[in-house]
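Each remark here refers to the structure printed beneath this line.
Numbers for residues simply follow the sequence, beginning at 1. Whatever order the structure lists ligands and atoms in, that order sets their numbers, starting from 1.
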Amino acid sequence: MSRHLLQIEGMYPPAIAEMLDLAESYVLLNRSGKTQRDLLRGRTLINLFFEDSTRTRTSFELAGKRLGADVINMSVASSSVNKGETLLDTAATLNAMHCDLLVIRHGESGAPALLAQKVDASVINAGDGTHEHPTQALLDALTIRRRKGRLEGLTIAICGDVLHSRVARSNIHLLTTLGSRVRVVGPPTLIPTEAARLGVEVFHDMREGLQGADIVMMLRLQKERMTRGLVPSAREFFRFYGLDAEKLAYAKPDALVMHPGPMNRGVEIASAVADDPVRSLIREQVEMGVAVRMAVLDILARRNRPNV
Ligand code: ASP
């Protein structure tokens, strides 16, 4: 068992189930209001975010605090990274501070894995480039499992900018490992060439791709990662690939809608769908994010120091 959480790819079903099951108990605990635990008392968690984040960073902070850890948010803008310190120098510095859990988000795919080789802490990937975002996939799976009672056999359509999405990649690995039927839906320019190798079905038409889906997972159009014009305009994109009530009607009547945030309303999703209290799981995803991150911190802290 690894003391790090770097990616979903290669994880076995029991390891994923262990995290989801423990997260389930943290959902109940969080809802009960009795959240303060001392499981991680005396342990230090450092949040090291080289890219923007609202949900992920806040929920790791909350998760660490609820388990009793000392949580430090290292702001990259005010750190020596801006003075040219390399990632490995930063790692050596953090190591000397004896941090136990290191949560990192970085624009380069593979940065957390590199760091993991250099520090004694457990490293948790909070999103690296276009590679993976493992805790997002875990929280998505927990959200679906709680609502649908299972993951196996469900048809899940992941739609939009799949090419640049680490959320899509982690979800594809997790959902196919646990037996869901996964489709990716988007314009040919935004579907990675390796999609078929990942065991998913590829669609370029929303109506076909959504036909009979149990879950419709929308992705943000990641303009910041586009090096060339891959979509004509936001308006055109919405017309063909934006989720509105008319396109959602092709999915199952009880299909549920997800989005990892941040949302571009009117670009990949219509506000009426995003805010639909019956069909949209977007708020619930955020709630599950805290529980999943508590479970991940709990499990990794035990693995890194078994007598805790
Ligand atoms: N928040 C997610 C991520 O960091 C999704 C997104 O940014 O579109 O990958």
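- Atoms of ligand 1 lying under 4.0 Å from at least one heavy atom of Val167, given by number and element, are 2 (C), 5 (C), 9 (O).
- At a heavy-atom cutoff of 4.0 Å, ligand 1 is contacted by the side chain of Arg105 but not by its backbone.
- His133 is listed as a side-chain neighbour of Thr56, based on a closest heavy-atom distance under 4.5 Å.
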Trace of the side chain to side chain donor-acceptor pair (under 3.5 Å) decision for Thr130 with Arg166 = CA-CA 5 Å; Thr130 57; Arg166 52 199 179 201; over 6 Å; no
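- Between Asp161 and Tyr241, the side chains place no donor N or O within less than 3.5 Å of an acceptor N or O (distance only, hydrogens not considered).
- A single hydrophobic cluster is seen to contain both Leu221 and Ile282, as judged by linkage of ILVMFWY side chains at heavy-atom distances under 4.5 Å, directly or through other members.
- Contact analysis puts Pro262 in contact with ligand 1, with a non-hydrogen atom separation below 4.0 angstrom.
- When non-hydrogen atoms are compared, ligand 1 lies under 4.0 Å from the side chain of Gln222 (C-beta onward) but not from its backbone.
- Considering backbone and side-chain atoms together, Pro260 places no N or O closer than 3.5 Å to any N or O of ligand 1.
- Between the side chains of Glu61 and Asn47, not a single donor N or O lies within less than 3.5 Å of an accepting N or O.
- Of the protein's heavy atoms, Gly261 O, 3.3 Å lies nearest to atom 5 (C) of ligand 1.
- For atom 6 (C) of ligand 1, the closest non-hydrogen atom of the protein is Arg220 NE, 3.4 Å.
- The two residues Val200 and Ala195 come nearest to each other via the heavy atoms CG2-O, 3.3 Å.
- Not counting sequence neighbours, the partners of Arg31 by the salt bridge (Lys or Arg N to Asp or Glu O under 4.0 Å) test are Glu287.
- Considering only non-hydrogen protein atoms, atom 9 (O) of ligand 1 sits nearest to Arg166 NE, 2.8 Å.
- The ligand atoms of ligand 1 that sit less than 4.0 angstrom from a heavy atom of His133 are 3 (C), 4 (O), 9 (O).
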